[in-house]
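Only one structure is covered here, and it is reproduced in the block below.
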Amino acid sequence: MTAPCTRSISTSAATSAESAACETRFAVRDYDLAATLDCGQAFRWKQSNGRWSAVVSGRWVELWRDAKYIFARTAAPQSDWRWLENYLQLPVDLAAVLATFPDDEPMRRAAAACRGLRLLRQEPWECLASFILSSTKQIVQIRQIVATLCARHGSSALSLGEPAFAFPTPAQIAALNEDRLRECKMGFRAPNLLTAARLIDSGKLDLGGIPELELAEARARLVALRGVGPKIADCVLLFGFGFPTAFPVDVWVVKALRRFYFRNRRVSLPKLRQFSATHFGPHGGYAQQYLFHSIRRDERKNFRPAPARL
DNA sequence: ATCCAGGTCGGTC
DNA sequence: GACCGACATGGA
């Protein structure tokens, strides 16, 4: 698909890491990189002067855009970029996805308000672990917990800027104990992460088999984990495994569904789940992310920070 | 200060 | 089923 390295970076002053650095670009349309990386589906991306960096499946990578392209560079040489094309879901025809959304006013507005928003395809274990850590936490805090966990317990990754760390493997976490995990500020979620890591590390839970299952069965496997209910399970199924109709219903989506489809009436969570499972079509998961992103942005638009004090 | 955050769990009625 | 409080931690 893409040439391995369109440009290899090498200068006389380059360190050994820099001389192996690798850069490429992808022509894209309808791809809002910033919204996609920052909308609460992934928790590792940091922005610094217009560029986004993270560690994806153990590889440090930096991304940036111009009008036509997404540019990427890594610290290590790449023989191909399929891992990144897959992560960013570059081949997805967004217009075709949007065309399956229900033709109603809320979805038309959400699609118009979030033009270019995409779903990523994340590494399943990292996705599961991250969302185990997400319950009743704000997105900024989830990022902080995940960053601490990676810095303390993940393997270091070759990078060009700040030191970077891979997400800890199940084995790396399984080798810890609850107190070590609590030191990463994850509170009561620590034992949940620990038992999930140990089940996977011991082979008692095989995430690799999940994609072969029907949605309901896959969901049942995940919900069997302590600390994983229907919402977190659907996040993992959608963002990690790509089940297109997985539909995470969190507090924001509840708010959006009630406001847009039930005239702000009190509707029980099971009823909202039932509605969402049938109303949003073959790419319901995508529709969910558009609702989530648009209502969060609307609410924040009304928020005005207090003027800075001197 | 008080409420709430990309929830889940184990109780109640 | 529906409703409730506990669970850690820190932003707003």
Side-chain angles (χ1 to χ4, degrees), chain A residues 35-45 110 114 117-120 122 126-149 152 178-196 219-241 243 246-259 262 265-276 280 284-309:
Chain A
T36 298
L37 300 180
D38 201 36
C39 72
Q41 55 179 322
F43 302 104
R44 301 220 57 198
W45 292 94
C114 309
L117 179 65
R118 302 288 188 129
L119 289 181
L120 300 167
Q122 301 175 57
E126 174 172 342
C127 191
L128 171 61
S130 299
F131 278 98
I132 284 175
L133 300 177
S134 76
S135 66
T136 46
K137 274 291 177 198
Q138 295 182 157
I139 289 171
V140 277
Q141 294 179 308
I142 302 166
R143 285 201 193 98
Q144 184 51 54
I145 295 167
V146 168
T148 304
L149 180 67
R152 294 193 185 175
E178 187 178 324
D179 287 337
R180 288 282 92 72
L181 289 175
R182 279 182 186 262
E183 288 166 5
C184 299
K185 308 301 183 186
M186 63 184 72
F188 63 84
R189 305 158 193 82
N192 299 337
L193 179 62
L194 186 58
T195 56
R219 188 181 279 142
R221 297 280 173 95
L222 294 176
V223 166
L225 294 166
R226 179 149 277 273
V228 178
K231 187 271 172 184
I232 290 175
D234 275 26
C235 285
V236 179
L237 294 171
L238 182 62
F239 304 139
F241 290 107
F243 282 80
F247 195 104
V249 179
D250 76 315
V251 287
W252 291 100
V253 174
V254 166
K255 191 180 292 193
L257 292 176
R258 285 212 256 249
R259 181 178 302 171
F262 294 90
R265 291 167 52 89
R266 298 203 330 280
V267 189
S268 73
L269 204 50
K271 283 220 162 121
L272 290 175
R273 288 209 188 92
Q274 193 181 340
F275 173 77
S276 65
F280 292 98
Y286 245 101
Q288 173 276 158
Q289 198 61 17
Y290 274 68
L291 288 175
F292 175 80
H293 190 60
S294 59
I295 195 163
R296 284 188 78 231
R297 213 176 38 182
D298 285 353
E299 301 269 314
R300 258 190 305 194
K301 200 168 54 182
N302 300 326
F303 172 72
R304 196 165 294 287
R309 298 257 140 157

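Throughout, a chain's letter reflects where its sequence line sits, starting with A, and its residues are numbered from 1. Quick note: numbers below take in every heavy atom, side chains included, and nothing from hydrogens, waters or symmetry partners. Quantities reported herein were computed from a predicted structural model and do not represent experimental measurements.
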Pick the [atom1] atom in [N] and in [M], then give their distance to the nearest Å.
| N | M | atom1 | value |
| --- | --- | --- | --- |
| dG6(B) | dG1(C) | C1' | 25 Å |
| dC3(B) | dA6(C) | P | 14 Å |
| dC4(B) | dG5(C) | C1' | 15 Å |

In whole angstrom, what separates [X]'s [atom1] from [N]'s [atom2]?
| X | N | atom1 | atom2 | result |
| --- | --- | --- | --- | --- |
| Ile142(A) | dT8(B) | CD1 | P | 12 Å |
| Phe188(A) | dG10(B) | CZ | C1' | 14 Å |
| Met186(A) | dG10(C) | CE | P | 13 Å |
| Asn192(A) | dT8(B) | CG | C1' | 8 Å |
| Gln144(A) | dA12(C) | CD | P | 13 Å |
| Arg296(A) | dA5(B) | CZ | C1' | 10 Å |
| Phe43(A) | dG6(B) | CZ | P | 9 Å |
| His293(A) | dG6(B) | NE2 | C1' | 14 Å |

Sugar-phosphate, base or nothing in reach of [X], heavy atoms under 4.0 Å:
| X | value |
| --- | --- |
| Gly227(A) | sugar-phosphate |
| Val249(A) | nothing |
| Arg189(A) | base |
| Phe239(A) | base |
| Ile295(A) | nothing |

Parallel, tilted or perpendicular, judged at 30° and 60°: which one describes the rings of Tyr286(A) and Tyr290(A)? tilted
Go through the N and O atoms of the side chain of [X] and the base of [N], and report whether any donor-acceptor pair is under 3.5 Å.
| X | N | answer |
| --- | --- | --- |
| Lys231(A) | dT8(B) | no |
| Gln141(A) | dG6(B) | no |
| Gln289(A) | dG6(B) | yes |

Comparing nearest nucleotides in DNA chain B, the 5'-proximal residue of the pair Lys255(A), Pro230(A) is Lys255(A)
Are any non-hydrogen side-chain atoms of [X] and [Y] less than 4.5 angstrom apart?
| X | Y | result |
| --- | --- | --- |
| Arg226(A) | Pro191(A) | no |
| Asp38(A) | Arg143(A) | yes |
| Ile132(A) | Met186(A) | no |
| Leu193(A) | Leu149(A) | yes |

Measure the distance between the ring centre of Phe292(A) and the centre of the six-membered base ring of dG6(B), then answer whether it is under 5.5 Å with planes under 30°. yes
Counting only N and O atoms by type, is there a donor-acceptor contact under 3.5 Å from the side chain of Gln41(A) to the main-chain atoms of Leu120(A)? yes
Give each protein N/O atom lying under 3.5 Å from an N/O atom of nucleotides 2-4 of chain B, with the pair distance.
none

To the side chain of Lys185(A), which of dG10(C), dC7(C), dG6(B) is closest? dG10(C)
Of all the nucleotides listed (dA5(B), dT9(C), dC3(C)), which has the minimum atom distance to the side chain of Thr136(A)? dA5(B)
OP1 or OP2 of dC9(B) versus the side-chain N and O atoms of Arg226(A): is any pair under 4.0 Å? no
Phosphate contact (dT8(B) OP1 or OP2) by Ser135(A) side-chain N/O below 4.0 Å: no
Looking at Gln274(A), I'd like to know if its CD atom is crowded, meaning that more than 12 non-hydrogen atoms belonging to other residues, nucleotides or ligands lie closer than 6.0 Å. no
Residue Arg221(A) excluded, over 12 heavy atoms near CZ under 6.0 Å: no
Taking every non-hydrogen atom, the tightest pair across Cys39(A) and Phe292(A): O-CE2, 3.2 Å
Looking at dG6(B), which nucleotide sits across from it as a Watson-Crick or G-U wobble partner, both distances under 3.5 angstrom, or is there none? none
